[in-house]
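The block underneath contains the structure these notes are about, expressed in structure tokens.
Counting begins at 1 with the first residue of the sequence.
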Amino acid sequence: ADELRKTDAPAWPVIKQGKQYRVPKLSPNAVSKSKYQTAVILPDMQLGYFHAGNDVLEPIHDEHAIEVAMRIIKASKPNQIILVGDSLDLCEFGKYRYTPAFARTTQAAIDRATELCAQLRTIAPQAKIVWIAGNHEERLGNYVLDSAAAAFGLRRGRVPHEWPVMSVPYLCRLDEFEITYLSGYPTGAHWINERLHVIHGDRVASGGSTAHKYLSTVKTSVIFGHIHRREWAERTRDDHDGARTILAVSPGCLARTDGAVPSTRGGHDLDGRPLYRSEDWQQGVAVVEYEPGDGNFNLELVPIRDGWARWRGVDYLSNNLGGNK
């Protein structure tokens, strides 16, 4: 029996665990966070209202989504806040027909926009805040030109360097909140650093391909608005010093997406109130960490759904929807 056991034994050694090694603690080669700054991008809000009956003004912007965005701003302590435009809807000054439900609502929208600017300055007292004019902000000046051209550009007496009275920055008191206004849609552009800029945008394509339209022409990465949809596209090209990748990103919007905002797809009842139907829009904001100058950047899209967002392990929920962290 002993002989049989010897002959049945394998002729090679039994496989064992690998040799034990003491692995030194690894410290990641990370760049100090202080080297990077933060920017938060707020897309189309379409601040505005309609008369819902019983002297009630109902917003066409989404107060829940805006509140979530404000909480993300407070948590991120940004160096820059950029409003991409169409922050005001101004449907009474647009070229499209609007119903009596939207009449005499501009003052309420101006008041809300002014309050929003005060809120931004309160929660981000040191931030550079930039409001880029979109096509909806341009409605006000165009309306004055078309209906009362002699009033275009009028200012208060003996304050020639002030904004014109019938202008968004004057009506919303932007100078009081130290907010920079970039007029002249569609030319307004704000550079977060030398590799990334923000515009409102003037292009729309179906099937989620608007971002590709920008990539076919721009030479640096761009964040854009106007389309109310979240989109992200990238392209890598050869450059004189090697491959270079740029991106085009839309964070979505902060307006309601249920048909309340007047649009080509919208309808209204016999009293002129909007009828609800889902738009192909998505809500969200963008957060960018960047090195000033010709430096790196990291861009995050933060989706907002039904007054809720989750960013970096924390839930952000509108108070009106039952609490928030």
Taking all non-hydrogen atoms of both residues into account, name the closest pair between Cys172 and Phe177 and its distance.
O-CE1, 3.7 Å
Residue pair Glu300, Arg312: steps toward the salt bridge (charged side-chain N to carboxylate O under 4.0 Å, His left out) verdict:
CA-CA 10 Å; Glu300 298 172 85; Arg312 297 186 180 180; 2.5 Å; yes
Do Arg277 and Asp258 sit within salt-bridge range, that is, some charged N less than 4.0 Å from a carboxylate O?
no
Assert yes or no for the condition that the ring centre distance of His200 to Tyr185 is strictly below 6.0 Å.
yes
Count the heavy atoms belonging to other residues, nucleotides or ligands that lie under 6.0 Å from CZ of Arg173, then report whether that count exceeds 12.
no
Determine, step by step, whether Glu58 and Arg256 satisfy the salt bridge (charged side-chain N to carboxylate O under 4.0 Å, His left out) criterion, reporting the C-alpha distance in whole Å, the side-chain angles of both residues, the deciding distance to 0.1 Å, and the verdict.
CA-CA 11 Å; Glu58 186 169 332; Arg256 285 171 58 172; 2.9 Å; yes
What's the shortest heavy-atom distance between Ile60 and Ala260, and which atoms?
CG2-O, 3.4 Å
Could you verify whether a donor N or O on one side chain and an acceptor N or O on the other, from Asp62 and Gln283, lie under 3.5 Å apart?
yes
Electrostatic pair Lys128-Glu178, nearest N-O below 4.0 angstrom
no
Do Thr114 and Leu174 have side chains that get closer than 4.5 Å, going by heavy atoms?
no
Same cluster (ILVMFWY, side-chain, under 4.5 Å), Ile41 and Ile179
no
Can you see whether Tyr36 engages Glu289 through a side-chain donor-acceptor pair at a distance of less than 3.5 angstrom?
no
Tell me whether Arg104 at atom CZ has more than 12 heavy atoms from other residues, nucleotides or ligands lying less than 6.0 Å away.
no
Can the ring centres of Tyr143 and Phe93 be said to be less than 6.0 Å apart?
yes
State, without any angle test, whether Glu137 and Asn135 hold a side-chain donor-acceptor pair at a distance under 3.5 Å.
no
Val168 side chain reached by Trp131 side chain, heavy atoms, under 4.5 Å
yes
Looking at Asp315 and Arg310, is any side-chain nitrogen of the basic one under 4.0 Å from a carboxylate oxygen of the acidic one?
yes
In short, Pro292 meets Gln37 closest at the heavy-atom pair CG-NE2, 3.6 Å
Just to verify, which of Leu83, Ile199, Val198 counts as forming a side chain to side chain contact (heavy atoms under 4.5 Å, CB included) with Ile132?
Val198
Less than 3.5 Å apart, any donor N or O on the side chain of His190 or Gln80 sitting next to an acceptor on the other?
yes
Under 6.0 Å between ring centres, would you say that holds for Tyr49 and His61?
yes
If we ignore angles and hydrogens, is there a donor and acceptor under 3.5 Å between the side chains of Glu279 and Thr257?
no
Short side-chain donor-acceptor distance under 3.5 Å, Ser318 and Glu67:
yes
Heavy-atom nearest pair, Arg237 first then Ser216, reads NH2-CA, 4.0 Å
Got a salt bridge between Glu63 and Arg112, using NZ or NE/NH1/NH2 to carboxylate O under 4.0 Å?
yes
Is Leu182 reachable from Ile192 through a run of hydrophobic residues whose side-chain heavy atoms are each under 4.5 Å from the next?
yes
